[in-house]
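Here is the structure we will look at.
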Amino acid sequence: MNNTIVGMGEVLWDMLPEGKQLGGAPANFAYHASQFGFDSRVISAVGDDRLGDEILESFDDKQLKYFIQRVPYPTGTVQVQLDENGIPGYEIKEKVAWDNIPFTPGLETLARQSRAICFGSLAQRDEVSRAAINRFLDAMPEENSYKIFDINLRQGFYSQEVLCRSFERCNILKLNDEELITISRMFGYPGIDLEDKCWILLGKYNLKMLILTCGINGSYVFSPGAVSFVETPKVKVADTVGAGDSFTAAFCSAILKERSVHEAHQLAVEVSAYVCTRHGAMPELPSELKNRLV
């Protein structure tokens with residue numbers, strides 16, 4: 001096992017008002033992890049079309065490694081509309097390439113070599129990619145590996161069964177306050193405050209950590225017997241696309257570099273705040289942030 005970090009799931013073009021931007025949470029995560037010096041990979045699928053060519057060309061330009069299959073489905077796209085506060089709304093196209101990620105012997109080999117993975121709920125909306133993600137998780141080393149389930153509840157592309165199985169397979173859970181409310185209603189948790197719900201999830205699924213982001217109201221990292229809270233910095237927001245993914249990547253990178261939970265949390269907050277000041281999900285981070293883990 002080495003320090004390979006994997007983002008597995010959707011890879012696509014975000015069709016923003018100012019033009020298309022490379023996106024998809026796993027790609028965003030892998031790109032930002034690579035900026036901290038890790039051997040990071042994107043695992044996904046694209047179509048045999050021009051949009052697919054452009055995704056691979058963009059990854060090559062960013063020197064981001066990938067394990068991406070060509071499949072007989074169109075490359076994924078998302079129509080993104082921003083409100084007056086820069087908050088995105090999404091129209092995610094269905095029956096696309098990243099719904100059909102095949103699990104290959106090469107992927108199994110990569111899984112056995114991976115130290116950390118970030119996966120979400122969106123890429124599990126189709127049975128093919130859901131099976132590939134689960135097989136990858138099951139093939140990863142049990143000891144000293146991090147399996148981060150970064151929930152992304154979009155357009156109803158999720159179910160109680162998929163969420164429950166992901167809770168059981170992950171050891172770090174990341175979600176925001178709105179997602180926590182949705183999950184609490186879905187699973188019938190009592191009407192207690194958000195922190196108590198987090199402690200329940202942490203204990204029920206024997207998690208190493210639970211990350212709760214609350215927008216401008218700060219963020220929390222719960223671990224057995226301890227909690228870290230960091231306020232959200234005030235910045236001039238260009239848009240928030242990819243900010244959560246950069247948070248997860250910075251946090252994971254810092255933990256793998258053996259920083260404390262609070263140090264990792266502080267870096268994650270600063271990185272995501274910076275990403276909010278730039279358009280698109282994959283801006284290059286300033287040296288000041290990248291060098292924090294040197």
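Computed from a prediction, not measured in an experiment: that's the story for all the values here.
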Is there side-chain contact between [X] and [Y], with heavy atoms separated by less than 4.5 Å?
X: R259; Y: L267; result: no
X: I43; Y: L110; result: yes
X: H32; Y: P283; result: yes

Practice problem: Test R50 against E57 for salt bridge (charged side-chain N to carboxylate O under 4.0 Å, His left out), laying out the working first. | Solution: CA-CA 10 Å; R50 183 57 192 157; E57 290 166 4; 3.1 Å; yes

Would you tabulate the side-chain donor-acceptor contacts of residues 215-234 under 3.5 Å, counting partners in other chains and residues two or more places apart, or write 'none'?
unit_1: S219; atom_1: OG; unit_2: H265; atom_2: NE2; d: 2.7
unit_1: S228; atom_1: OG; unit_2: H262; atom_2: ND1; d: 2.7
unit_1: S228; atom_1: OG; unit_2: H265; atom_2: ND1; d: 2.8
unit_1: T232; atom_1: OG1; unit_2: G215; atom_2: O; d: 2.6
unit_1: T232; atom_1: OG1; unit_2: G218; atom_2: N; d: 3.1

Quiz item: In the hydrophobic cluster built from side-chain contacts under 4.5 Å, what are the other members alongside L56?
Solution: V11, W13, M15, L22, Y31, V42, V46, L51, I55, F59, L64, Y66, I68, M282

Self-check item: Pairwise distance CZ(F149) to SG(C118) - rounded to 0.5 angstrom
Solution: 9.5 Å

Self-check item: side chain to side chain donor-acceptor pair (under 3.5 Å) partners of K204, counting only residues at least two apart
Solution: none

Quiz item: Under 6.0 Å from the CD atom of Q63, do we count more than 12 heavy atoms belonging to anything else shown?
Solution: no

Practice problem: State whether a side-chain donor-acceptor pair under 3.5 Å links Q69 with T104. | Solution: no

Quiz item: Is it the case that N176 and T213 place a side-chain donor and acceptor less than 3.5 Å from each other?
Solution: no

Quiz item: For K93 and E91, what are the C-alpha separation, side-chain angles and deciding distance, and is it a salt bridge (charged side-chain N to carboxylate O under 4.0 Å, His left out)?
Solution: CA-CA 7 Å; K93 304 302 181 183; E91 181 190 349; 3.2 Å; yes

Quiz item: Of the non-hydrogen atoms in D99 and R125, which two are nearest, and what is the gap between them?
Solution: OD1-NE, 2.7 Å

Quiz item: Is the cationic atom of K147 (NZ for Lys, CZ for Arg) positioned less than 6.0 Å from the six-membered ring centroid of F136 and within 45 degrees of its normal?
Solution: no

Practice problem: Would you check, one step at a time, whether the test salt bridge (charged side-chain N to carboxylate O under 4.0 Å, His left out) holds for D138 with R169? | Solution: CA-CA 8 Å; D138 292 344; R169 277 187 163 90; 3.0 Å; yes

Quiz item: Which is it for R292 and E263 under the salt bridge (charged side-chain N to carboxylate O under 4.0 Å, His left out) test, yes or no, and what are the steps along the way?
Solution: CA-CA 10 Å; R292 291 270 287 278; E263 287 175 314; over 6 Å; no

